[in-house]
Amino acid sequence: MRNIAVVGVMLLLGTGMLSCKKMLDVPSHRALTEENMWQTKNDARAGLSACYALMRAAMANENAHWVYGDLRGNDFQATKRGDLRAVVESNLNASYSTMDQWRDWRRFYTAIAQCNLTIQKLPQVTTTDYRYSQNEMRLDRAQAIYIRAFLYYYIVRIWGDVPLVTTPADGTIKTITREKWEKVLDFAANEAKSSIDGLPWKYDGKSPEQQGEYRGQGESHHISITITKGMAYTLLAHIYNWKGEYDKSLEWANNVISNQSNTGYGFVSLNDLTRLDGAFRGRIGANIFQIDMNFDHAEISATGQLEDWTLRDPYIPRRESEIYVPKDSVLKIYGEPHEQRPNFFFTKMEETYPIFFKMKQLNSSVKDPVLKMYASCIIVFRYEELYLLRAEAKARLGMKEEAQKDLNQIRTTRSLKGVNTAMDGQELLDAILLERRRELMGEGWYWYDLVHFKKIPQYTRLTQADVDKGVALWPISQDALSNNSNLTQNSFWK
């Protein structure tokens with residue numbers, strides 16, 4: 001979204017970060033008064049853009065999305081960086097500045113605070129600026145509601161029980177307790193449902209929810225990045241999957257897949273997934289929801305993308321990658337005949353440290369031989385992942401043949417034979433987990449899959465006793481604990 005970085009910084013100073021600190025940690029003073037905001041259509045646009053920008057800042061900060069979702073799963077190994085090795089080894093109390101940031105949830109609550117404010121304030125703009133119609137307000141507000149719901153789903157998987165903040169700060173200092181994660185996800189599900197009626201399938205100007213050009217941009221600008229009905233349905237499928245309510249997860253996944261003519265979602269070839277300017281450049285039908293990093297909008301960065309850790313010479317001026325997947329692991333994970341993905345996901349396999357080459361959105365227009373800039377998006381949900389999610393739901397509901405059909409949809413697109421129809425229920429679930437591991441490597445899913453499928457002891461160095469004590473969750477930062485006496489540390493990390 002245009003100017004998202006600029007308005008994000010402005011709103012961060014004016015509302016989001018300060019409100020978040022008041023609600024969760026420490027007292028502070030506003031840099032800008034609220035009465036000077038929320039008067040015009042441009043204010044409304046800036047407020048919503050800040051929700052997107054702050055969500056992205058939280059997920060991209062120090063590569064947080066991949067730290068939380070991939071590094072603890074034991075597929076990636078660290079070379080020399082002590083902080084990355086600590087994460088790989090689940091030594092999450094280690095003393096590193098980056099670890100302090102990964103333990104800290106305040107960036108996420110900054111984004112939530114901005115959503116709370118935006119949801120409350122948007123309706124008043126229709127009374128102060130006639131150019132801001134009720135229709136546009138409902139559309140903008142639905143997006144903010146979705147983003148808040150998504151953020152709560154996201155942080156529950158990291159920290160478990162979390163504070164549930166649903167209204168803007170009122171200027172008073174509060175200490176807030178953690179709510180049970182099930183209650184938080186129930187809230188997120190209800191919010192996602194409430195956003196649906198205000199969202200279009202596409203931003204093509206042809207639906208009652210979105211008329212004409214949205215923010216002066218045609219449909220191609222909004223694909224995969226601006227919130228739609230399909231994204232809301234997909235989020236609901238994932239929320240209910242995490243809760244173990246597989247009948248509801250299946251219902252919402254079916255709503256997405258049965259509406260393909262409305263969504264335009266589809267499978268992506270390996271070539272289009274991994275090529276320069278492919279899926280990780282973004283805005284294609286396979287990406288249901290992505291966090292954009294667009295060169296045209298000055299959103300590229302030297303950090304915040306996985307390439308910063310996985311690439312090395314000759315692609316960037318570094319002799320050694322920060323993380324890599326060992327060759328033996330690659331051969332084991334992708335060991336089936338006719339498996340094509342290693343050829344697209346890895347290079348330099350003959351060397352000690354193969355290069356994970358799935359994401360490689362180096363911007364060729366930046367000519368600095370030392371500083372390389374990356375433009376890859378964070379793919380949050382894509383179509384192949386949703387099919388595998390639906391396959392799991394069907395398998396857990398005893399719909400074995402239907403689950404195999406969904407699983408084989410992915411396998412056949414990757415040149416693999418269909419699974420053995422004689423496999424039992426647990427074997428089918430294991431096959432689905434393995435396919436998720438292979439297809440989604442490096443996309444921030446594997447650790448959550450190990451947690452959800454209850455496979456941490458089988459695939460990592462952690463024991464069942466560790467799991468029983470709560471090792472799957474991240475510790476809460478010491479700053480948050482010190483500034484809020486109502487917070488308690490996650491059990492394993494006390």
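This structure is a prediction, so every number in the text was calculated from the model and none was measured.
- Put simply, the side chain of V380 reaches to within 4.5 Å of the side chain of M59, judged on heavy atoms.
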I would like to know whether K455 and D430 meet salt bridge (Lys or Arg N to Asp or Glu O under 4.0 Å); could you show each step before the answer? CA-CA 10 Å; K455 295 290 187 179; D430 290 345; 3.2 Å; yes
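- In this structure, R157 forms a cation-pi arrangement with Y448, its terminal cationic atom sitting closer than 6.0 Å to the ring centre and no more than 45° off the ring axis.
- F280 is not listed as a side-chain neighbour of E307, based on a closest heavy-atom distance of 4.5 Å or more.
- A distance of 6.0 Å or more separates the ring centres of Y246 and Y240.
- Checked against a 6.0 Å centroid threshold, the rings of Y152 and F108 do not count as neighbours.
- A salt bridge does not link R312 with E322: none of the charged nitrogens is closer than 4.0 Å to a carboxylate oxygen.
- Two residues are said to be in side-chain contact when any heavy atoms from C-beta on lie closer than 4.5 Å; V162 and W181 fail this criterion.
- Checked against side-chain contact (heavy atoms from CB on, under 4.5 Å), L473 has the following partners two or more places apart in sequence or in another chain: N490.
- Aromatic ring centroids of W159 and Y68 lie under 6.0 Å apart.
- Annotation: Y446 is not in aromatic contact with F76 [ring centroid separation under 6.0 Å not met].
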After noting the C-alpha distance and the side-chain angles of W201 and T228, does the key distance pass the side chain to side chain contact (heavy atoms under 4.5 Å, CB included) rule? CA-CA 5 Å; W201 289 109; T228 63; 6.0 Å; no
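- Figure legend: cation-pi geometry between R56 and Y52 absent, as NZ or CZ is not positioned both under 6.0 Å from the six-membered ring centre and within 45° of its axis.
- For K202, there are no salt bridge (Lys or Arg N to Asp or Glu O under 4.0 Å) partners, not counting sequence neighbours.
- Ring geometry for Y109 against W105 counts as perpendicular: the plane angle is over 60°, on a 0 to 90° scale with 30° as the lower cut.
- Salt bridge E435/R414: absent, no basic N to carboxylate O contact under 4.0 Å.
- With sequence neighbours excluded, the residues that form a salt bridge (Lys or Arg N to Asp or Glu O under 4.0 Å) with K229 are E209.
- Using a 4.5 Å heavy-atom cutoff, the side chains of I284 and D272 are not in contact.
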Candidate pair I291 and H65, rule side chain to side chain contact (heavy atoms under 4.5 Å, CB included), full reasoning: CA-CA 11 Å; I291 305 299; H65 179 69; over 6 Å; no
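- Side-chain contact check for N63 and Q305: no donor-acceptor pair (N or O, by modelled atom type) lies under 3.5 Å.
- For the pair Y459/R437, a side-chain contact is recorded, criterion being any heavy-atom separation below 4.5 Å from C-beta on.
- For the pair K41 and Y132, the cation does not sit on the ring face, since its NZ or CZ is not both under 6.0 Å from the ring centre and inside 45° of the axis.
- A donor-acceptor pair shorter than 3.5 Å can be found between the side chains of N287 and Q290.
- Classification of D104 and R107 as a salt-bridged pair fails, no side-chain N sitting under 4.0 Å from a carboxylate O.
- In the model, N116 has no side-chain atom that pairs as donor or acceptor with a side-chain atom of T167 under 3.5 Å.
- Between E136 and R45 the shortest side-chain heavy-atom distance falls below 4.5 Å.
- Between R436 and E392 there is no salt bridge, since none of the side-chain N atoms of the basic residue sits less than 4.0 Å from a carboxylate O of the acidic one.
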Just do the salt bridge (Lys or Arg N to Asp or Glu O under 4.0 Å) check on E320 and R318 with the steps written out, would you? CA-CA 6 Å; E320 191 173 78; R318 179 188 295 146; over 6 Å; no
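- Counting heavy atoms from C-beta outward, R103 and I476 have side chains that stay 4.5 Å or more apart.
- Here the two rings, on F357 and Y315, have centers that are under 6.0 Å apart.
- Environment of NZ in K405: sparse, with no more than 12 heavy atoms of neighbouring residues, nucleotides or ligands closer than 6.0 Å.
- Annotation: W445 is in aromatic contact with H238 [ring centroid separation under 6.0 Å].
- Ring geometry for Y214 against Y203 counts as tilted: the plane angle lies between 30° and 60°, on a 0 to 90° scale.
- Aromatic ring centres of Y146 and F289: separated by under 6.0 Å.
- Taking the centre and axis of the six-membered ring of F453, the NZ or CZ atom of R396 falls inside the cone set by 45° and 6.0 Å.
- Under the 3.5 Å distance criterion, with hydrogens and angles disregarded, no donor-acceptor pair is assigned to the side chains of S224 and R283.
- Taking the side chain as every heavy atom from C-beta outward, R215 and L48 approach each other to under 4.5 Å.
- Using a 4.0 Å cut-off between charged nitrogen and carboxylate oxygen, E402 and R390 do not count as a salt-bridge pair.
- For the residue pair S97 / Q101, no side-chain donor-acceptor distance below 3.5 Å is found, with atom types taken as modelled.
- Under 3.5 Å, the side chains of Q260 and N262 contain no donor-acceptor pair of N or O atoms.
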